[in-house]
Amino acid sequence: MMTIACSVYIVTLNCAAWLQKTLESVQDFAEVIILDSGSTDQTYAIAAAFKNVRISHQDWQGYAAQKSLALAQCQQDWVLNLDGDEVLSTELKLEIMQTIAENKIDALITPINDVFLGVANSKHTKKHAKTRFFRKAKGHYDLANQVHEQVIVDGISQRAQGDIFHHGESSIFIKVQKNNQYSELKAQEKFEKGKQASILKLMLVMPLTFFKSYFIRRSCLNGWRGFVNSMVNAFYAFLKEAKLFEQHLKDKK
């Protein structure tokens, strides 16, 4: 098996449900750095079974800060970021190998295929994409972002064709629970950046987000799951705006 000259870095907290599949998908990479913030499940035992994995503990610092600390431990010139519930596709792995070999660009913007209620998005669905593979010297995180952290790349980026499969939304309960947590952090972040609450946006953000998710991003091709997913996404957008109003209300007291 040829070793891929790339470091993979993952931040974890009780990720045993999918970590085995995640690590199997990158077992031919040079190294996998796992920065764990206090798992009490089988995360450590699963990581120990893979020869290319190094796992260590770091108290939670926030999404961007935690990933930045994990990135700093990577020893290869090229790096790939995955979450503990994400699996690298064979197609994307081949693109990564080709990108390293050609050495012409600095990053790949990767489609994230959300596996909702056990079913991946249709190949015709427009997926959201993030920079997950990049030249280490060219990328860094904006530590001001509390959630939905993004790598900022100072160089040439190209959209990848292969997917990363995200398995973290295995039930409606889990998706709603995550959205409640993320909307709290996002509203706090917006408040700290001086964003003002808008009654017009509060009224319109939910229907507009549903329209974007269901029709423009073509979740309508995913059957009833696509409808439910779009409704939950729309409510998440509403929660962010409603909680921003709540932050301003608290500030006035």
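For the pair L204/L200, a side-chain contact is recorded, criterion being any heavy-atom separation below 4.5 Å from C-beta on. L71 has its side chain within reach of Y141: a pair of non-hydrogen atoms, C-beta onward, lies under 4.5 Å apart. Counting heavy atoms from C-beta outward, L185 and Y63 have side chains that approach closer than 4.5 Å. Side-chain contact check for F29 versus L88: some heavy-atom pair is nearer than 4.5 Å. Contact annotation: the side chain of K201 never approaches that of Q196 to less than 4.5 Å [non-hydrogen atoms, C-beta and beyond]. Two residues are said to be in side-chain contact when any heavy atoms from C-beta on lie closer than 4.5 Å; W60 and L13 fail this criterion. No side-chain heavy atom of S170 sits less than 4.5 Å from a side-chain heavy atom of F116. L35 places a side-chain heavy atom less than 4.5 Å from the side chain of Q66.
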Inset, instruction - Tell me, with the steps shown, if N81 and K130 meet side-chain hydrogen bond (donor to acceptor under 3.5 Å, both in side chains). - result: CA-CA 10 Å; N81 174 232; K130 298 181 179 180; over 6 Å; no
Inset, instruction - May I have the step-by-step check of side-chain contact (heavy atoms from CB on, under 4.5 Å) for I10 and V32, ending in yes or no? - result: CA-CA 8 Å; I10 306 171; V32 178; 3.9 Å; yes
Legend entry - Worked verdict on N222 versus S122 for side-chain hydrogen bond (donor to acceptor under 3.5 Å, both in side chains): CA-CA 6 Å; N222 297 322; S122 160; 4.6 Å; no
Inset, instruction - Check the pair Q161 / E95 against side-chain hydrogen bond (donor to acceptor under 3.5 Å, both in side chains), numbers first and verdict last. - result: CA-CA 8 Å; Q161 298 301 310; E95 285 184 79; 5.6 Å; no
Inset, instruction - Could you walk me through whether L244 and E241 pass the side-chain contact (heavy atoms from CB on, under 4.5 Å) test, one step at a time? - result: CA-CA 5 Å; L244 180 58; E241 297 307 315; 4.3 Å; yes
Inset, instruction - Carefully, step by step, assess L208 and M203 under the rule side-chain contact (heavy atoms from CB on, under 4.5 Å). - result: CA-CA 10 Å; L208 289 177; M203 293 171 62; over 6 Å; no
Inset, instruction - For D106 and K136, run salt bridge (charged side-chain N to carboxylate O under 4.0 Å, His left out): C-alpha distance rounded to whole Å, both residues' side-chain angles, the deciding distance at 0.1 Å, then the answer. - result: CA-CA 9 Å; D106 301 298; K136 182 184 176 183; over 6 Å; no
Inset, instruction - Give the C-alpha distance, both sets of side-chain angles, the deciding distance and a yes or no for side-chain contact (heavy atoms from CB on, under 4.5 Å) between T110 and T131. - result: CA-CA 6 Å; T110 305; T131 300; over 6 Å; no
Inset, instruction - With salt bridge (charged side-chain N to carboxylate O under 4.0 Å, His left out) as the test, would you mind laying out the steps for K21 and D85 before giving the verdict? - result: CA-CA 8 Å; K21 294 288 186 183; D85 56 7; over 6 Å; no
Inset, instruction - For side-chain hydrogen bond (donor to acceptor under 3.5 Å, both in side chains), just list the numbers for D36 and S39, CA-CA rounded to whole Å, side-chain angles, deciding distance to a tenth of an Å, and then say yes or no. - result: CA-CA 7 Å; D36 186 82; S39 291; 2.4 Å; yes
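The minimum heavy-atom distance between Y9 and A70, with the atom names listed, is CD1-CB, 3.9 Å. For the residue pair Q27 and F50, the shortest heavy atom distance occurs at OE1-CE2, 4.1 Å. The two residues S7 and E31 come nearest to each other via the heavy atoms OG-OE2, 2.5 Å. Considering all non-hydrogen atoms of both residues, T22 and G84 come closest at OG1-O, 3.3 Å. Residues S183 and Y236 share a closest heavy-atom pair of N-CE1, 3.6 Å. Here the closest heavy-atom approach between residue P111 and residue R159 is recorded as CG-NH2, 4.0 Å.
Between K127 and D114 no salt bridge is recorded (no basic side-chain N to carboxylate O distance below 4.0 Å). For D77 and R135, the salt-bridge test fails: no basic side-chain N is under 4.0 Å from an acidic carboxylate O.
There is a path of hydrophobic side-chain contacts, each under 4.5 Å, that joins M97 to L82. Cluster annotation: I34 and I46 are assigned to the same hydrophobic cluster (Ile/Leu/Val/Met/Phe/Trp/Tyr, side-chain heavy-atom contacts under 4.5 Å, transitive). The cluster map of Ile, Leu, Val, Met, Phe, Trp and Tyr, joined by side-chain heavy atoms under 4.5 Å apart, puts I55 and V11 in different clusters. Both I216 and M231 are assigned to one and the same hydrophobic cluster, defined by single-linkage of ILVMFWY side chains at heavy-atom distances under 4.5 Å. The hydrophobic clustering, which links ILVMFWY residues whose side-chain heavy atoms are closer than 4.5 Å, places L80 and I112 together.
A distance of 12.0 Å separates CG of N179 from CD1 of I172, quoted to the nearest 0.5 Å. Put simply, CG on L143 and NZ on K67 are 13.0 Å apart, with the number rounded to the nearest 0.5 Å. Taken from CG in L23 to CH2 in W18, the straight-line distance is 13.0 Å, to the nearest 0.5 Å. Remark: K212 NZ to S219 OG distance equals 11.5 Å, nearest 0.5 Å. Note that the CG atom of L92 and the CZ atom of R132 stand 10.5 Å from one another [nearest 0.5 Å]. S68 contributes atom OG, which lies 11.0 Å from atom CD of E149 (distance to the nearest 0.5 angstrom).
Classified by interplanar angle (parallel below 30°, tilted 30° to 60°, perpendicular above 60°), the ring pair F165/H167 is tilted. Taking the six-membered ring where the residue is Trp, F215 and F211 present tilted rings, their angle falling between 30° and 60°. Using the six-membered ring where Trp is involved, F133 and W78 have ring planes that are parallel, under 30° apart on the 30 and 60° scheme.
Between F245 and F191, a ring centre-to-centre spacing not shorter than 6.0 Å is recorded.
Within a 6.0 Å sphere centred on NZ of K195, other residues, nucleotides and ligands contribute 12 heavy atoms or fewer. Within a 6.0 Å sphere centred on CD of Q42, heavy atoms belonging to other residues, nucleotides or ligands number 12 at most. In this structure, D41 places its CG atom where more than 12 heavy-atom neighbours from other residues, nucleotides or ligands lie under 6.0 Å away. Other residues, nucleotides and ligands place more than 12 heavy atoms under 6.0 Å from the NZ atom of K193.
No hydrogens or angles considered: nothing links the side chains of N121 and K126 as a donor-acceptor pair under 3.5 Å. Between Q98 and E102, the side chains place a donor N or O and an acceptor N or O closer than 3.5 Å (distance only, hydrogens not considered). Using a 3.5 Å distance cut-off with no hydrogens or angles, the side chains of N233 and K175 do pair a donor with an acceptor. Counted by atom type alone, D142 and H140 present zero donor-acceptor pairs between their side chains at under 3.5 Å.
Paired with E184 under the rule salt bridge (Lys or Arg N to Asp or Glu O under 4.0 Å), one option of K190, K243, K178, K240 passes, and it is K243.
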